[in-house]
Amino acid sequence: MANLSPHHAVYAGSFDPLTLGHLDIIRRGAALFDRLTVGIGINPDKRPLFTPDERLAAIQQVVAPLKNVVVKCFEGLTVNFVRSCDAAVMLRGVRTLTDIETEFTMTLANRALDPEIETVFLMASEKYSHISSSLIKQIAHLGRGNTAEQLKAFLPLELIEPLLVKVGR
Ligand code: ADP
């Protein structure tokens with residue numbers, strides 16, 4: 001069995017699109033661990049707004065200043081992806097008590113699948129705890145007035161224009 005590094009964490013999600021909440025977890029994770037891999041999960045059952053390649057390019061652009069962060073796409077179970085990176089840590093962000101309940105169940109399942117991988121949680125910053133990718137997509141689709149200006153509170157500046165183009169605005 002490979003030697004998994006406790007200094008390397010994997011932060012996995014759909015990131016459709018990456019939000020300021022996700023970016024906050026990435027920055028804090030990158031400060032805690034020597035290496036952080038952001039894993040974009042490709043789930044055939046979901047119909048994402050952005051293709052995996054679009055999400056990969058967007059996140060790579062945003063995290064470019066963080067030298068210990070790499071971004072990859074993956075298919076299949078997250079624990080398998082974490083192991084394939086030789087990382088011992090799965091990093092998750094939690095926003096609400098409901099998040100904790102879901103994450104708790106998932107952590108137990110992941111532990112049963114691969115007991116050598118430890119899940120570490122970071123609590124969302126209060127500034128970002130209300131932000132989700134689905135909320136951002138709703139605002140982009142339905143927002144009135146200066147939507148680009150409104151979106152500044154939710155997602156990285158570089159991603160606002162591509163989002164508005166994607167939804168045809
Ligand atoms: P998933 O499809 O796995 O829910 P997401 O892209 O929605 O993927 O989220 C990835 C991870 O980021 C999850 O651990 C989620 O709880 C966390 N997360 C999502 N939004 C925020 C936020 N605003 N602040 C902190 N963590 C967040």
Side-chain angles (χ1 to χ4, degrees), residues 8-33 35-63 66 69-85 87-111 113-114 117-141 150-160 162-163 166-167:
H8 182 184
V10 172
Y11 178 46
S14 310
F15 308 116
D16 185 43
L18 180 87
T19 72
L20 287 179
H22 294 136
L23 184 57
D24 182 55
I25 299 290
I26 293 172
R27 288 209 177 101
R28 289 160 60 198
L32 278 176
F33 296 95
R35 290 170 65 197
L36 183 75
T37 298
V38 178
I40 304 166
I42 303 173
N43 182 346
D45 298 334
K46 283 191 185 172
R47 292 189 51 227
L49 185 61
F50 291 95
T51 66
D53 283 347
E54 286 169 337
R55 282 176 274 162
L56 181 77
I59 301 175
Q60 275 173 336
Q61 184 190 357
V62 173
V63 304
L66 303 169
V69 177
V70 297
V71 191
K72 293 178 180 173
C73 292
F74 72 97
E75 284 178 83
L77 293 175
T78 308
V79 274
N80 293 347
F81 175 64
V82 178
R83 179 169 283 279
S84 77
C85 296
V89 180
M90 188 186 305
L91 183 67
R92 303 288 296 172
V94 286
R95 287 162 291 189
T96 57
L97 284 179
T98 323
D99 265 1
I100 291 177
E101 213 173 317
T102 322
E103 294 286 342
F104 186 76
T105 319
M106 201 147 56
T107 302
L108 293 180
N110 285 334
R111 190 175 293 158
L113 288 167
D114 195 333
I117 292 171
E118 199 66 77
T119 305
V120 170
F121 296 99
L122 288 181
M123 235 180 83
S125 307
E126 62 273 28
K127 253 167 58 183
Y128 305 123
S129 62
H130 58 293
I131 300 179
S132 66
S133 298
S134 47
L135 172 73
I136 285 178
K137 283 182 273 195
Q138 275 186 349
I139 297 171
H141 277 294
Q150 289 165 346
L151 284 170
K152 280 186 186 167
F154 299 94
L155 81 165
L157 283 182
E158 306 92 302
L159 307 191
I160 294 176
L163 173 63
K166 187 62 119 176
V167 300

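Every number for a ligand or one of its atoms is a count from 1 in the order of the listing.
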S.K.: Who are the side-chain contact (heavy atoms from CB on, under 4.5 Å) partners of Pro48, not counting sequence neighbours?
M.R.: Asp16, Arg55
S.K.: Using side chain to side chain contact (heavy atoms under 4.5 Å, CB included) as the criterion, point out the one residue from Ile40, Leu159, Val69 that pairs with Ile59.
M.R.: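 That would be Ile40; it is the only one of Ile40, Leu159, Val69 passing the side chain to side chain contact (heavy atoms under 4.5 Å, CB included) with Ile59.
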S.K.: Would you please name every residue forming a salt bridge (Lys or Arg N to Asp or Glu O under 4.0 Å) with Glu101, sequence neighbours left out?
M.R.: none
S.K.: Let me confirm one number: the OG1-CG distance from Thr119 to Leu91, rounded to the nearest 0.5 Å.
M.R.: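 It comes to 9.5 Å.
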S.K.: Please test Met106 against Arg92 for side-chain contact (heavy atoms from CB on, under 4.5 Å), starting from the C-alpha separation and ending with a verdict.
M.R.: CA-CA 11 Å; Met106 201 147 56; Arg92 303 288 296 172; 3.5 Å; yes
S.K.: Can you name the ring-ring contact (aromatic ring centres under 6.0 Å, His included) partners of Phe74, sequence neighbours left out?
M.R.: Phe81
S.K.: Under a 3.5 Å threshold, I'd like every N/O contact between ligand 1 and protein atoms, with atom names and distance.
M.R.:
unit_1   : atom_1 : unit_2 : atom_2 : d
ligand 1 : 2 (O)  : Ser14  : OG     : 2.6
ligand 1 : 2 (O)  : Lys46  : NZ     : 3.1
ligand 1 : 6 (O)  : Ser14  : N      : 3.1
ligand 1 : 6 (O)  : Phe15  : N      : 3.0
ligand 1 : 6 (O)  : His22  : NE2    : 3.2
ligand 1 : 8 (O)  : Ser14  : N      : 3.2
ligand 1 : 9 (O)  : His22  : NE2    : 3.4
ligand 1 : 12 (O) : Tyr11  : OH     : 2.6
ligand 1 : 14 (O) : Arg92  : NE     : 3.2
ligand 1 : 14 (O) : Arg92  : NH2    : 3.4
ligand 1 : 14 (O) : Gly93  : N      : 3.1
ligand 1 : 14 (O) : Gly93  : O      : 3.3
ligand 1 : 16 (O) : Gly93  : O      : 2.5
ligand 1 : 20 (N) : Arg95  : NH1    : 3.3
ligand 1 : 23 (N) : Tyr128 : O      : 2.9
ligand 1 : 23 (N) : Ile131 : O      : 2.9

